[in-house]
K.L.:
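I have a structure here, written as structure tokens, and I will follow up with some questions on it.
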Amino acid sequence: MNALMKNDPEVFKLIKDEEIYQGKTIRLIASENYTSRAVLDACGSVFQNKYSEGYPGARFYQGQVNCDALEILAIERAKKLFGAEHVNVQPYSGSPANLAVYLAFAKPGDTVLGLNLSHGGHLTHGSKASATGKWFNAVHYNLNPETGLLDYDEIRKLALEHKPKILIAGHSAYPRQLDFKKFREIADECGAILLVDMAHFAGLVAGGAHPSPFPYADVVTTTTHKTLRGPRGAIILCKEIHAKAIDKAVFPGLQGGPHNATTAGIAVALAEALKPEFKEYARKTVENAQALAKALTARGFNLVSGGTDNHLMLIDLNNKGIPGKPYAVALEKAGIILNYNTVPGETRKASDPSGIRLGTPSVTSRGFGIAEMEKIAEWMDKAVSCCEDDAKLAEIAKEVEALCAKFSVPGIE
Ligand SMILES: *Cc1c(COP(=O)(O)O)cnc(C)c1O
């Protein structure tokens with residue numbers, strides 16, 4: 001980063017500071033990860049300089065010899081990794097990828113059915129705050145407040161009653177696996193397109209640690225930067241019969257030129273995910289989540305659904321006498337980074353809810369194992385009783401930093 005250091009020391013310093021911060025804290029945000037140096041290099045390449053509206057072999061600009069080869073490479077790797085028939089690697093991120101699916105299969109005012117935001121769904125699954133909730137008639141299914149689990153009978157009932165154009169399976173905060181076969185049956189019964197949004201668990205699918213939505217889904221969207229460990233971006237995978245509709249919706253329906261440098265980063269990440277080590281990574285991510293869930297449960301934390309079988313946990317803090325936000329703020333002071341979150345049956349505002357969400361994709365990428373999960377649970381437990389004591393939180397932060405110093409950080413020297 002010589003040029004950056006010389007030409008813009010202010011930005012250079014912020015990047016260096018962020019490297020240090022990401023190194024010395026325990027990052028438990030379930031949607032975050034550490035990409036490899038190779039991914040970062042690809043994203044910072046001269047592919048930033050190219051415009052290539054259109055698709056390989058059918059562009060609206062000349063000079064695409066390398067861009068075409070790059071995009072085809074990324075597509076082929078994604079097809080191989082997931083066993084998909086058709087792949088579009090151009091969506092700018094997960095939200096526009098989902099919007100492209102709406103554009104492909106629904107008209108404004110049409111009905112879509114997805115998981116309620118406050119129960120773990122995503123904004124783009126029809127939340128009133130999102131364009132998807134303003135422009136479409138969104139109906140939502142909820143988790144069972146007793147079990148914290150999806151209720152497939154309720155989903156089926158709502159689907160038959162509302163006849164959605166699109167049935168969405170997928171989440172940002174559900175600690176369990178999804179039954180794609182059941183979703184398929186419901187979609188067939190009500191005549192809906194089945195969209196699986198695997199943004200959170202795509203890396204687990206890639207590594208064989210979560211059931212695959214293929215061949216059940218008509219369309220699958222995913223971000224590339226969560227468990228999949230690539231750059232910020234997204235891909236859409238679908239059955240061949242939907243290929244034209246999806247491609248047209250992404251470009252020219254929603255976007256202009258693709259971000260080719262991101263495509264390069266995605267191609268690198270997909271090759272990494274095709275390696276045997278990535279299977280190990282996916283397995284360990286779940287193993288760590290389950291170890292952390294067990295250690296937290298032993299300390300009286302109330303895990304929604306009683307545990308996890310993916311990479312994330314949702315904790316209802318009502319029995320701890322502290323809401324999610326002040327606890328998350330206290331943990332940040334202790335060097336443990338996660339986010340406050342609503343829980344099923346939420347009684348507080350979304351901006352100040354009862355729970356927290358945490359996950360193991362990042363810590364697993366830096367090599368943490370079962371012993372470290374035990375330490376994290378211990379620190380989180382300690383922080384409950386000293387939430388307003390900055391000195392005590394700073395002591396924890398020192399211990400956190402000492403542990404972190406023993407582990408290298410992918411992508412950071
Ligand atoms: C993260 C996420 C998205 C959106 O991704 P962005 O890249 O932040 O736009 C979409 N769907 C689900 C389920 C997600 O978790």
Side-chain angles (χ1 to χ4, degrees), residues 27-33 35 39 43 88-104 112-127 129-133 136 138 140-143 150 155 166-178 180 183 194-206 210 213 217 219-238 246 249-250 254-255 258-259 262-263 265-266 269 285 289 308 310-314 338-342 350 356-362:
R27 301 171 63 237
L28 295 175
I29 292 178
S31 49
E32 291 186 349
N33 214 327
T35 62
V39 166
C43 292
N88 186 310
V89 296
Q90 295 194 4
Y92 297 145
S93 213
S95 304
N98 284 345
L99 200 53
V101 179
Y102 285 79
L103 184 61
V112 299
L113 176 61
L115 178 60
N116 210 329
L117 178 67
S118 66
H119 284 236
H122 190 258
L123 280 166
T124 56
H125 298 178
S127 157
S130 148
T132 58
F136 299 91
H140 290 111
Y141 52 88
N142 290 314
L143 301 181
L150 283 175
I155 300 171
I166 304 173
L167 170 62
I168 307 167
H171 59 80
S172 303
Y174 184 60
R176 298 294 175 181
Q177 296 179 348
L178 301 181
F180 298 119
F183 272 109
L194 176 59
L195 163 62
V196 174
D197 180 353
M198 63 172 184
H200 255 265
F201 53 87
L204 304 185
V205 171
H210 187 289
V219 185
V220 176
T221 54
T222 183
T223 53
T224 45
H225 48 272
K226 297 179 183 174
T227 48
L228 198 52
R229 219 159 63 177
R232 308 199 77 80
I235 53 183
I236 304 178
L237 313 99
C238 66
I246 288 296
V250 173
L254 210 56
Q255 300 187 170
H259 293 180
T262 301
T263 305
I266 289 173
T285 299
T308 178
N310 59 23
H311 61 295
L312 70 83
M313 283 146 272
L314 195 57
L338 44 67
N339 63 280
Y340 56 88
N341 214 97
T342 53
I356 51 166
R357 184 191 68 163
L358 63 162
T360 51
S362 297

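Both counts, for ligands and for their atoms, begin at 1 and track the order of listing. Only this structure's heavy atoms are used, side chains among them; waters, hydrogens and symmetry mates stay out.
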K.L.:
Quick check on contacts: which atoms of ligand 1 are under 4.0 angstrom from a heavy atom of Ala199?
P.N.:
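Taking each heavy atom of Ala199 in turn, ligand 1 has 2 (C), 11 (N), 12 (C), 13 (C), 14 (C), 15 (O) under 4.0 Å.
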K.L.:
Among all protein heavy atoms in this structure, tell me which lies nearest to atom 11 (N) of ligand 1, with the distance rounded to 0.1 Å.
P.N.:
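Protein heavy atom with the smallest distance to atom 11 (N) of ligand 1: Asp197 OD2, 2.6 Å.
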K.L.:
Quick check: does any side chain N or O of His171 sit under 3.5 Å from a backbone N or O of Tyr174, one acting as donor and the other as acceptor?
P.N.:
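Yes, the answer is positive, given that a donor and an acceptor are paired below the 3.5 Å cut-off.
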K.L.:
Can you tell which of His200, His225, Lys226, His122 gets a heavy atom nearest to atom 1 (C) of ligand 1?
P.N.:
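Shortest heavy-atom distance from atom 1 (C) of ligand 1: Lys226.
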K.L.:
Any N or O on His125 sitting closer than 3.5 Å to an N or O of ligand 1?
P.N.:
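No; the residue has no nitrogen or oxygen that sits under 3.5 Å from a nitrogen or oxygen of the ligand.
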K.L.:
Please say whether Thr124 places an N or O atom under 3.5 Å from an N or O atom belonging to ligand 1.
P.N.:
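No; every N/O pair is 3.5 Å or more apart.
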K.L.:
Would Ser93 and Ser95 satisfy side chain to side chain donor-acceptor pair (under 3.5 Å), going step by step from the backbone distance to the final call?
P.N.:
CA-CA 6 Å; Ser93 213; Ser95 304; over 6 Å; no
K.L.:
For Gly94, counting its heavy atoms only, list the atoms of ligand 1 lying under 4.0 Å from any of them.
P.N.:
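Matching atoms, with element in brackets: 4 (C), 5 (O), 6 (P), 7 (O), 9 (O).
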K.L.:
Between Phe180 and His210, what is the ring plane arrangement, given parallel below 30°, perpendicular above 60°, and tilted in between?
P.N.:
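Ring orientation of Phe180 relative to His210: tilted.
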K.L.:
For Thr222 and Val205, run side-chain contact (heavy atoms from CB on, under 4.5 Å): C-alpha distance rounded to whole Å, both residues' side-chain angles, the deciding distance at 0.1 Å, then the answer.
P.N.:
CA-CA 11 Å; Thr222 183; Val205 171; over 6 Å; no
K.L.:
Looking only at protein heavy atoms, which one is nearest to atom 7 (O) of ligand 1, and how far off is it?
P.N.:
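Scanning the protein heavy atoms, the shortest distance from atom 7 (O) of ligand 1 goes to Ser93 OG, 2.4 Å.
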K.L.:
Show the atoms of ligand 1 that are less than 4.0 angstrom away from any heavy atom in Ser172.
P.N.:
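Near Ser172, meaning under 4.0 Å from one of its heavy atoms, ligand 1 has 12 (C), 13 (C), 14 (C), 15 (O).
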K.L.:
Pairs of nitrogen or oxygen atoms closer than 3.5 Å, one from Gly170 and one from ligand 1: do any exist?
P.N.:
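It does not: no N or O of Gly170 is found under 3.5 Å from an N or O of ligand 1.
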K.L.:
Taking non-hydrogen atoms only, is Ser95 closer than 4.0 angstrom to ligand 1 via side chain, backbone, both or neither?
P.N.:
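Both backbone and side chain.
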K.L.:
I'd like to know if the side chain of Glu32 and the backbone of Ser362 have a donor-acceptor N/O pair within less than 3.5 Å.
P.N.:
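No: the side chain of Glu32 does not pair with the backbone of Ser362.
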K.L.:
Tell me if the centroids of the rings in His311 and His200 come within less than 6.0 Å of each other.
P.N.:
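Yes, close enough.
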K.L.:
Please tell me whether His119 and Tyr141 form a close aromatic pair, meaning their ring centres lie under 6.0 Å apart.
P.N.:
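Ring centroids of His119 and Tyr141 are no less than 6.0 Å from each other.
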K.L.:
Taking 4.0 angstrom as the limit and counting only heavy atoms of Asn98, give me the atoms of ligand 1 inside it, by number and element.
P.N.:
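Reading through ligand 1 atom by atom, the close ones are 10 (C), 11 (N).
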K.L.:
Run the side-chain contact (heavy atoms from CB on, under 4.5 Å) check on Leu117 and Leu123 step by step: do they pass?
P.N.:
CA-CA 6 Å; Leu117 178 67; Leu123 280 166; 3.9 Å; yes
K.L.:
Within a distance under 4.0 Å of any heavy atom of His171, pick out the atoms of ligand 1 and give their elements.
P.N.:
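Those qualifying, in numeric order: 13 (C), 15 (O).
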